[in-house]
Peer 1: 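The following block contains the structure, expressed as structure tokens.
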Amino acid sequence: MHFSIPETESRSSESGAQYLAYNIHVNGVLHCRVRYSQLLGLHEQLKKEYGNNVVPAFPPKKLFTLTPAEVEQRREQLEKYMQAVRQDPVLGASETFNSFLRHSQQETHLIPTEEVQLEIFLSNGQKVKVTILTSDQTEDVLEAVTSKLDLPEDLIGYFSLYLIKDTSDGSFSFVRKLQEFELPYVSLTSLCSRENKIILRKSYWDSSYDEDLMENRVGLNLLYAQAVSDVERGWVQVTKEQHRQLKSLQEKVSKKEFIQLAQTIKYYGYIKFEPCITDFPEKGCHVIVSAGNNELNFQVKLPNEQMKEGSFKVTRMRCWRVTSSMPFSNGSGSSNETDVRLELAFEYLMSKDRLQWITISSPQAIMMSICLQSMVDELMVKKSGGSIKKMLRKRQSYLRRSDSQQAVKSPPLLDSPDSSREPIVKLSSKLSSVSLRGISTSNSTGDMSADDFHGNYAFEGIGDDDL
């Protein structure tokens, strides 16, 4: 998640007194509007719970009215503070920090707490209407929709909610994965666009976890619907013969066999992003990025119109960062995602002792970063011998709604395969996993603050035998 405070805003309280508000943006979109005193209250609460040594320094109070220069300085300091808290593994995951953001989001968008119906979409386009409170957080909504579908509680952790946007070709693009610090109903309605929706999809990358879902009827149906959808959209590259086999399995309603065949096909389980721009292998190249199998896959169109392909393993990314630039604002807080230029840059081990920065300029840079982080998290859980199987944390304040249960509908048969896809030429041989031993830090490009980096705990060393 990319936190920023790009602007301040003069506002009036109910008593008519003037105060300065700080507009906190997440991924370039206004999340909430808060006062200095509210952020100071958050800081004091974090210090009380975690101690001075853990919580970053907070901009001090001033006795006199701030000058314009001091206002700008405080804005920058508060922005760095919020970024530092969010990126701290303890503070950023704390209920104190996340509940502050949720309450501030609801207060900013003037949405009262009340019972509403929210539509959640499945991969096959099916709508699932759930009764929730406007103040329900992401895990509440996830539990409500999976409960209505009758998915067992121990399989809920295999799924997540994603904010998507419909595209002109009838497909959709990913905006972001909904996080624990936001209220899905508020996040969706505040965008004021019918093109935006919330979709339920599996949240893991290792296809071996499919076996756990396929043992359950609802899990199998959800996985099957997603597999059919990804093939239909062209996210999974199938040959004509593979397409024929998949369609035959569909006609026989052989769902497990369909998934098992799909698992063997290129790009199964990947998320495909909209075309964007990269500086690899040279500046200004058009690229289609896909995330999956613990890598970012590039399908690059070179200046000579030739298409080439290459993959960047997450285990060879030393770190990555997301940067954003916003146009001049008049303080209205009305900027949206289309106003923001986002870039994902990662430092990649190209060969022994040679690290190179690679940049992707895309409105979906945040989603790409989220994918990388979730790949790293999954790798670390697996390395420690853990499992992604989990139950959502229960809170006494949560009441299960009495929605009637709903079955997952079977998707329609696959259409004929798309024969217009351009041929892909392999850019390099498959990259091997690497380790940290003997690697020196290389200089990064641009002015990059250490607070903006995502360090990669799954980064591995590389030895002579690996090259």
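Side chains included, hydrogens not; waters and symmetry mates left out as well; all remaining heavy atoms used. Every value quoted in this text rests on a predicted model; they were computed, and no experiment measured them.
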Peer 1: Would R86 and F3 count as a cation-pi pair here, with the cationic atom under 6.0 angstrom from the ring centre and within 45° of the axis?
Peer 2: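 No, a cation-pi geometry is absent between R86 and F3.
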Peer 1: Do the side chains of E95 and R102 get close enough for a salt bridge, i.e. N-O under 4.0 angstrom?
Peer 2: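 Yes, charged N to carboxylate O under 4.0 Å.
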Peer 1: Find the distance between CD (E143) and CG (L151) and round it off to the nearest 0.5 Å.
Peer 2: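 Reported to 0.5 Å precision, the distance equals 11.0 Å.
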Peer 1: Verify whether one side chain among D169 and T167 offers a donor that lies under 3.5 Å from an acceptor in the other.
Peer 2: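 Yes, a side-chain donor-acceptor pair sits under 3.5 Å.
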Peer 1: What residue pairs, at least two apart or across chains, pass ring-ring contact (aromatic ring centres under 6.0 Å, His included) with a residue in residues 123-148?
Peer 2: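 Of all non-adjacent pairs touching residues 123-148, none passes ring-ring contact (aromatic ring centres under 6.0 Å, His included).
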Peer 1: Could you walk me through whether Q105 and S187 pass the side-chain hydrogen bond (donor to acceptor under 3.5 Å, both in side chains) check?
Peer 2: CA-CA 8 Å; Q105 182 189 28; S187 294; 2.9 Å; yes
Peer 1: Is the closest side-chain heavy-atom distance between C32 and Q38 below 4.5 Å?
Peer 2: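 In short, these two side chains do not touch, never coming nearer than 4.5 Å.
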Peer 1: For Q364 and K272, indicate whether the former's side chain and the latter's backbone hold a donor-acceptor pair under 3.5 Å.
Peer 2: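 Side chain of Q364 to backbone of K272: no pair is present.
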Peer 1: Between Q263 and S207, is any side-chain donor less than 3.5 angstrom from a side-chain acceptor?
Peer 2: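 Their side chains do not contain a donor-acceptor pair, so the 3.5 Å distance test is not met.
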Peer 1: Would the distance check show the side chain of E79 and the main-chain N or O of I5 forming a donor-acceptor pair, the cut-off being under 3.5 Å?
Peer 2: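 A pair under 3.5 Å: yes.
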Peer 1: Determine yes or no for a side-chain-to-main-chain donor-acceptor pair under 3.5 angstrom, with T278 supplying the side chain and T359 the backbone.
Peer 2: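 Side chain of T278 to backbone of T359: a pair is present.
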Peer 1: Applying the side chain to side chain contact (heavy atoms under 4.5 Å, CB included) test to N23, which of R75, H31, R33 qualifies?
Peer 2: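 It is R33; the other options fail the test.
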Peer 1: Return the OG1 to CD distance between T134 and E115, rounded to the nearest 0.5 Å.
Peer 2: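 Spacing of OG1 (T134) from CD (E115) equals 10.0 Å.
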Peer 1: Are S94 and E49 close enough that some pair of their side-chain heavy atoms sits under 4.5 Å apart?
Peer 2: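 The answer is no, as the side chains (C-beta and beyond) never meet within the 4.5 Å cut-off.
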Peer 1: Can you check whether Q179's main-chain N or O pairs, donor with acceptor, with T138's side chain at less than 3.5 Å?
Peer 2: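 Checked: pair present.
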Peer 1: What distance do N294 atom CG and M317 atom CE have between them, rounded to the nearest 0.5 Å?
Peer 2: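 One gets 10.0 Å once the value is rounded to the nearest 0.5 Å.
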Peer 1: What I'd like to find out is whether the side chain of L40 reaches to under 4.5 Å of the side chain of K61, using heavy atoms alone.
Peer 2: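 Side chain of L40 against side chain of K61, heavy atoms only: contact under 4.5 Å found.
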Peer 1: What's the separation between atom OH in Y158 and atom OH in Y209, rounded to the nearest 0.5 Å?
Peer 2: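 It is 7.5 Å, given to the nearest 0.5 Å.
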Peer 1: Do V141 and Y185 come close enough that some side-chain heavy atom pair is under 4.5 Å?
Peer 2: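 No, too far: nothing below the 4.5 Å cut-off.
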Peer 1: How long is the gap from OH on Y267 to CG on D230, to the nearest 0.5 Å?
Peer 2: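 It is 14.0 Å, given to the nearest 0.5 Å.
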Peer 1: Going by distance alone, is a donor N or O of one side chain under 3.5 Å from an acceptor N or O of the other, for Q106 and T113?
Peer 2: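 Yes, a side-chain donor-acceptor pair sits under 3.5 Å.
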Peer 1: Side chains of W235 and S229, heavy atoms from C-beta outward: is any pair under 4.5 Å?
Peer 2: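 Not in contact.
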Peer 1: Using atom types as modelled and distance alone, determine if a side-chain donor or acceptor of K255 lies under 3.5 Å from a backbone N or O of N221.
Peer 2: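 No; zero donor-acceptor contacts below 3.5 Å.
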Peer 1: Would you say that I120 contacts L118 through its side chain, given a criterion of any heavy-atom pair below 4.5 Å between the two side chains?
Peer 2: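 With C-beta onward as the side chain, the pair touches.
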Peer 1: Decide side-chain hydrogen bond (donor to acceptor under 3.5 Å, both in side chains) for Y268 and D210; before the verdict, give the C-alpha distance in whole Å, the side-chain angles of both, and the deciding distance to 0.1 Å.
Peer 2: CA-CA 12 Å; Y268 173 80; D210 287 351; 2.7 Å; yes
Peer 1: Taking C-beta and beyond as the side chain, do F100 and Q45 meet within less than 4.5 Å on heavy atoms?
Peer 2: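 They are not in contact (no side-chain heavy atoms under 4.5 Å apart), so the answer is no.
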Peer 1: Inspect the surroundings of CD in E119 and state if more than 12 heavy atoms from other residues, nucleotides or ligands are less than 6.0 Å away.
Peer 2: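 Yes, CD of E119 has more than 12 neighbouring heavy atoms, counting only those of other groups under 6.0 Å.
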Peer 1: Can a donor-acceptor pair be found, under 3.5 Å and without considering hydrogens, that links the side chain of S369 to the backbone of A365?
Peer 2: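 The answer is no, because no donor-acceptor pair under 3.5 Å joins these two groups.
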Peer 1: Under the ring pair (Phe, Tyr, Trp, His ring centres under 6.0 Å) criterion, do Y36 and F58 qualify, and how do the steps go?
Peer 2: CA-CA 11 Å; Y36 172 85; F58 191 81; 5.5 Å; yes
Peer 1: Quick test of your reading of the model: are K266 and E309 salt-bridged, counting only N-O distances below 4.0 Å?
Peer 2: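 Salt bridge flag = yes for E309 with K266.
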Peer 1: Can E274 and S173 be said to form a side-chain hydrogen bond (donor to acceptor under 3.5 Å, both in side chains), step by step?
Peer 2: CA-CA 7 Å; E274 295 297 299; S173 63; 4.7 Å; no
Peer 1: Quick one: pull up CZ in F159 and NZ in K202 and give me the separation to the nearest 0.5 Å.
Peer 2: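 So the CZ of F159 and the NZ of K202 are separated by 9.0 Å.
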Peer 1: Would F312 and F280 count as a ring pair (Phe, Tyr, Trp, His ring centres under 6.0 Å) here? Give the steps.
Peer 2: CA-CA 11 Å; F312 298 92; F280 185 87; 5.2 Å; yes
Peer 1: Just by distance, do the side chain of N297 and the backbone of S290 share a donor-acceptor pair under 3.5 Å?
Peer 2: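 Such a contact is absent between N297 side chain and S290 backbone.
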Peer 1: So, do D150 and R217 sit near enough that their side-chain heavy atoms are less than 4.5 Å apart?
Peer 2: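 Yes, side chains in contact.
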Peer 1: Do you know which of F174, F273, Y270 makes side chain to side chain contact (heavy atoms under 4.5 Å, CB included) with C371?
Peer 2: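 Result: among F174, F273, Y270, F273 is the only option passing the side chain to side chain contact (heavy atoms under 4.5 Å, CB included) with C371.
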